[in-house]
*Asks:* 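Structure incoming, see below.
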Amino acid sequence: MRLRHLGNTGRQVPLIGQGTWKLEQTDLNTAHRALLAGIDAGMTHLDTAEDYGAGRVEELLAPLIAPRRDRLFLTSKVHPDHATRSADVMTACRNSCRRLRVDHLDLYLLHWPGHAVLEEAVAAFRDLKKQGTIRHWGVSNFGPRDLERLQEHTEDGEAVCNQALYHLAERRIEHQILPTAARSGMSTIAYSPLGSCGFPPTGHQASVVLEAVARDHRATSAQVALAWLARHDSVLLLPRSYDMEHSLANAAAAGLTLSEDAIHALDAAYPLAPDTGVTPTL
């Protein structure tokens with residue numbers, strides 16, 4: 001598994017990690033086997049949130065995490081409704097740690113801007129970091145204006161990442177969100193990097209180009225899509241799979257490097273949509 005720096009922290013994390021959204025809706029034994037296979041393949045970054053299943057996903061991950069905590073880079077997220085007061089952020093973080101049965105998180109994110117009060121959230125993140133309850137902190141689903149506001153309340157390098165929706169058919173963060181984060185030294189963590197409704201999209205004309213690139217590189221279309229995102233040095237990937245075969249295929253994508261011709265062909269087949277000023281989210 002290739003490693004990349006998380007922001008300006010000097011901390012290296014896997015290029016490809018594993019999301020856990022809707023874990024509570026799966027066959028748990030099958031899902032755990034897939035997650036464990038991914039961990040063994042180097043996808044040791046696990047991402048969750050207090051909002052996933054109203055805390056249930058954190059509870060379901062606890063027995064998987066316990067025997068291998070020192071191998072994992074663990075991320076959770078605070079709901080913006082719990083980020084209007086510093087004390088509430090700290091309580092939410094402690095509750096996530098309790099459900100996960102861990103004494104610290106490697107990364108803690110504000111899940112989306114919502115009604116959060118940035119001054120309060122940042123103050124809590126700083127205190128949590130001082131206490132050792134979190135190692136690093138960042139944000140998720142922040143648009144360009146949100147990132148600018150964040151910079152007004154933080155010092156350089158404090159916020160280490162912005163988690164954002166990004167895949168071949170949804171490239172709008174390339175206009176402002178991705179470059180703004182990169183200029184601030186923040187990583188962009190691409191969630192749903194294979195889309196959210198199956199990939200490649202059924203009937204999409206660009207699928208012909210994607211499949212041709214996959215054949216040329218002796219890879220799957222999904223692996224090519226992940227490798228295309230990884231062309232940005234500041235981007236980390238967070239696919240989700242509860243199928244062991246798919247998890248292992250995702251991990252293998254870290255070893256795939258696309259030719260320049262392939263990147264240009266995909267850029268043309270999946271053109272960047274106009275910037276409407278709207279932050280793409282699920």
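Because the structure is predicted, anything quoted here is derived from the model rather than measured. Hydrogens, waters and symmetry mates play no part in the numbers below; they use all other heavy atoms, side chains included.
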*Asks:* Is the CD atom of Glu152 crowded by more than 12 outside heavy atoms at less than 6.0 Å?
*Replies:* yes
*Asks:* Looking only at heavy atoms, which two atoms of Arg126 and Thr154 are closest? And how far apart?
*Replies:* NH2-CA, 3.8 Å
*Asks:* Find out whether Arg240 and Tyr191 are in side-chain contact, i.e. whether some heavy atom of one side chain is under 4.5 Å from a heavy atom of the other.
*Replies:* no
*Asks:* So do Ser192 and Leu282 actually touch side chain to side chain, heavy atoms under 4.5 Å?
*Replies:* yes
*Asks:* Is a side-chain N or O of Glu120 found less than 3.5 angstrom from the main chain of Ser86, in a donor-acceptor match?
*Replies:* yes
*Asks:* Looking only at non-hydrogen atoms, find the nearest pair between Met186 and Val139 and report the distance.
*Replies:* CE-CG2, 4.2 Å
*Asks:* Enter the distance from Ser140:OG to Asp47:CG here, rounded to the nearest 0.5 Å.
*Replies:* 8.0 Å
*Asks:* Please confirm whether the backbone N or O of Leu236 pairs with a side-chain atom of His45, one donor and one acceptor, at under 3.5 Å?
*Replies:* no
*Asks:* Measure from the side-chain N and O atoms of His32 to the backbone N and O of Leu60, and report whether any donor-acceptor pair falls under 3.5 Å.
*Replies:* yes
*Asks:* For atom CG of Asp156, is the number of surrounding heavy atoms from other residues, nucleotides or ligands below 6.0 Å larger than 12?
*Replies:* no
*Asks:* Got a second to check how far Glu158's CD is from Asn8's CG, nearest 0.5 Å?
*Replies:* 12.0 Å
*Asks:* Please list, chain by chain and in numerical order, all residues satisfying salt bridge (charged side-chain N to carboxylate O under 4.0 Å, His left out) with Arg149, sequence neighbours excluded.
*Replies:* Asp146
*Asks:* Quick one: sort the Trp21 and Tyr52 rings into parallel, tilted or perpendicular, breaks at 30° and 60°.
*Replies:* tilted
*Asks:* Please lay out, stage by stage, how Leu150 and Val122 fare under the test side-chain contact (heavy atoms from CB on, under 4.5 Å).
*Replies:* CA-CA 9 Å; Leu150 180 66; Val122 169; 4.2 Å; yes
*Asks:* Between atom CG of Asp243 and atom CZ of Arg33, what is the distance when rounded to the nearest 0.5 Å?
*Replies:* 10.5 Å
*Asks:* Is there a path of hydrophobic side-chain contacts, each under 4.5 Å between heavy atoms of I, L, V, M, F, W or Y residues, that connects Leu238 with Trp112?
*Replies:* no
*Asks:* Would Tyr242 and Leu23 count as a side-chain contact (heavy atoms from CB on, under 4.5 Å) if you check the C-alpha gap in whole Å, the side-chain angles of each, and the deciding distance to 0.1 Å?
*Replies:* CA-CA 8 Å; Tyr242 299 134; Leu23 177 64; 3.6 Å; yes
*Asks:* Looking only at side-chain N and O atoms, does Thr180 offer a donor or acceptor that is under 3.5 Å from a partner on Glu148?
*Replies:* no
*Asks:* Is the shortest heavy-atom distance from the side chain of Leu107 to the side chain of Phe73 under 4.5 Å?
*Replies:* yes
*Asks:* If I take atom CG from residue Leu226 and atom CG from residue Leu256, how far apart are they, to the nearest 0.5 angstrom?
*Replies:* 9.0 Å
*Asks:* Can you find a heavy atom in the side chain of His232 that is under 4.5 Å from one in the side chain of Thr188?
*Replies:* no
*Asks:* Indicate, with yes or no, if Leu100 and Leu36 share a hydrophobic cluster defined by side-chain heavy-atom contacts under 4.5 Å among Ile, Leu, Val, Met, Phe, Trp and Tyr.
*Replies:* yes
*Asks:* Would you say that Arg2 contacts Pro14 through its side chain, given a criterion of any heavy-atom pair below 4.5 Å between the two side chains?
*Replies:* no
*Asks:* Just by modelled atom types, is the Ala249 backbone N or O under 3.5 Å from a matching donor or acceptor in the Gln223 side chain?
*Replies:* yes
*Asks:* Distance-only, no hydrogens or angles: does the His5 side chain make a donor-acceptor pair with backbone N or O of Gly7 under 3.5 Å?
*Replies:* no
*Asks:* Can you give me the closest heavy-atom contact between Arg4 and Asp233, atom names plus distance?
*Replies:* CD-O, 3.5 Å
*Asks:* Between His175 and Asp275 (side chain of the first, backbone of the second, donor and acceptor by atom type, cut-off under 3.5 Å), is there such a pair?
*Replies:* yes
*Asks:* When you compare the side chain of Val78 with that of Asp51, does any pair of heavy atoms fall below 4.5 Å?
*Replies:* no
*Asks:* Looking at CG of Leu28 and OG1 of Thr26, how far apart are the two atoms once the value is rounded to the nearest 0.5 Å?
*Replies:* 5.5 Å
*Asks:* Tell me the closest heavy-atom pair linking Pro280 and Leu165, and the distance in Å.
*Replies:* O-CB, 3.7 Å
*Asks:* What pair of heavy atoms forms the shortest contact from Leu105 to Val102, and how long is it?
*Replies:* CD2-CG2, 4.4 Å
*Asks:* Please report the C-alpha distance between Asp40 and Arg71 in whole Å, then the side-chain angles of each, then the deciding distance to 0.1 Å, and finally whether the salt bridge (charged side-chain N to carboxylate O under 4.0 Å, His left out) criterion is met.
*Replies:* CA-CA 10 Å; Asp40 290 340; Arg71 295 176 53 195; 3.5 Å; yes
*Asks:* Tell me whether Arg145 at atom CZ has more than 12 heavy atoms from other residues, nucleotides or ligands lying less than 6.0 Å away.
*Replies:* no
*Asks:* Over all heavy atoms of both residues, which pair between Ala254 and Met1 is shortest? Give the atoms and the distance, please.
*Replies:* CB-SD, 3.5 Å
*Asks:* Hydrophobic clustering (ILVMFWY, side-chain heavy atoms < 4.5 Å, transitive) - are Leu237 and Ile263 grouped together?
*Replies:* yes
*Asks:* Would Arg69 and His104 count as a side-chain contact (heavy atoms from CB on, under 4.5 Å) if you check the C-alpha gap in whole Å, the side-chain angles of each, and the deciding distance to 0.1 Å?
*Replies:* CA-CA 10 Å; Arg69 177 64 183 97; His104 74 278; 3.2 Å; yes
*Asks:* Mind checking the OG-CG spacing from Ser187 to Leu6? Nearest 0.5 Å is all I need.
*Replies:* 5.0 Å
*Asks:* Hydrophobic clusters here meaning ILVMFWY residues chained together by side-chain heavy-atom distances under 4.5 Å, can you tell me if Tyr108 and Leu61 are in one?
*Replies:* yes
*Asks:* Taking Val160 as the starting point, is it possible to reach Val89 by hopping between hydrophobic residues whose side chains are less than 4.5 Å apart?
*Replies:* no
*Asks:* Test your reading of the model: is there a side-chain donor-acceptor pair from Glu50 to the backbone of His79, 3.5 Å cut-off?
*Replies:* yes
*Asks:* Going by heavy atoms in the side chains, are Leu72 and Asp106 under 4.5 Å from each other?
*Replies:* no
*Asks:* Taking side chain as C-beta onward, heavy atoms only, is Leu35 less than 4.5 Å from Ser247?
*Replies:* no
*Asks:* Just by modelled atom types, is the His111 backbone N or O under 3.5 Å from a matching donor or acceptor in the Asn141 side chain?
*Replies:* yes
*Asks:* Between Leu110 and Leu118, is a side-chain contact (heavy atoms from CB on, under 4.5 Å) present by the stated rule, with each step listed?
*Replies:* CA-CA 9 Å; Leu110 176 57; Leu118 279 181; 4.0 Å; yes
*Asks:* Sequence neighbours excluded, which residues qualify as salt bridge (charged side-chain N to carboxylate O under 4.0 Å, His left out) partners of Arg172?
*Replies:* Glu170
*Asks:* Hey, mind stepping through Gln18 and Asn250 against side chain to side chain donor-acceptor pair (under 3.5 Å) and telling me if it holds?
*Replies:* CA-CA 9 Å; Gln18 301 186 84; Asn250 287 342; over 6 Å; no
*Asks:* Step by step, work out the salt bridge (charged side-chain N to carboxylate O under 4.0 Å, His left out) result for Arg56 and Glu24.
*Replies:* CA-CA 7 Å; Arg56 180 59 178 154; Glu24 82 282 7; over 6 Å; no
*Asks:* Are any side-chain N or O atoms of Arg135 and backbone N or O atoms of Gly132, one a donor and one an acceptor, separated by less than 3.5 Å?
*Replies:* yes
*Asks:* I'd like to know if the side chain of Arg231 reaches the main chain of Ala227, judged simply by a donor and an acceptor atom lying under 3.5 Å from each other, with no hydrogens or angles considered.
*Replies:* no
